[in-house]
Amino acid sequence: MILLWRIFYGIMESELLYVEKFESAEAFTSFGIIYRLYYNNKRIKSRLKGKSPVQYRTLSMTG
């Protein structure tokens, strides 16, 4: 599980921290929450058969 968090934060770091400029720690935290929602629910991955991670997990649970 720790490895998954490191991968997630590595992606977030490369996509956000080096591109965005945050005014405060609170602004970064709130943007991080929004980004996690996007990352899990909206982001489409070809590796997951064109689905978001949540859609793919739901599909695999229902059969």
Side-chain angles (χ1 to χ4, degrees):
M1 187 63 143
I2 292 173
L3 179 61
L4 292 175
W5 278 107
R6 285 187 182 184
I7 291 169
F8 170 76
Y9 281 109
I11 293 168
M12 189 174 88
E13 216 174 42
S14 65
E15 291 183 0
L16 297 177
L17 292 180
Y18 300 118
V19 177
E20 298 286 333
K21 301 289 184 212
F22 297 100
E23 298 290 322
S24 65
E26 292 81 17
F28 172 73
T29 302
S30 63
F31 198 80
I33 292 168
I34 293 167
Y35 183 77
R36 276 186 299 201
L37 290 171
Y38 158 77
Y39 188 89
N40 287 321
N41 296 296
K42 302 289 183 191
R43 179 184 57 105
I44 303 300
K45 295 290 289 179
S46 60
R47 188 176 90 211
L48 301 178
K49 301 180 183 175
K51 302 199 177 331
S52 72
V54 170
Q55 290 171 328
Y56 188 78
R57 270 186 250 124
T58 302
L59 181 66
S60 67
M61 282 191 243
T62 59

Side chain proximity check, Ile44 to Gln55, heavy atoms < 4.5 angstrom
yes
The reported gap from OH in Tyr39 to CZ in Arg43 (rounded to nearest 0.5 angstrom) is 4.0 Å
Determine, using the 4.5 Å side-chain heavy-atom cutoff (strictly less than), whether Tyr35 and Phe28 are members of one ILVMFWY cluster.
yes
Measure the spacing between NZ of Lys49 and OG of Ser60 and express it to the nearest 0.5 Å.
9.5 Å
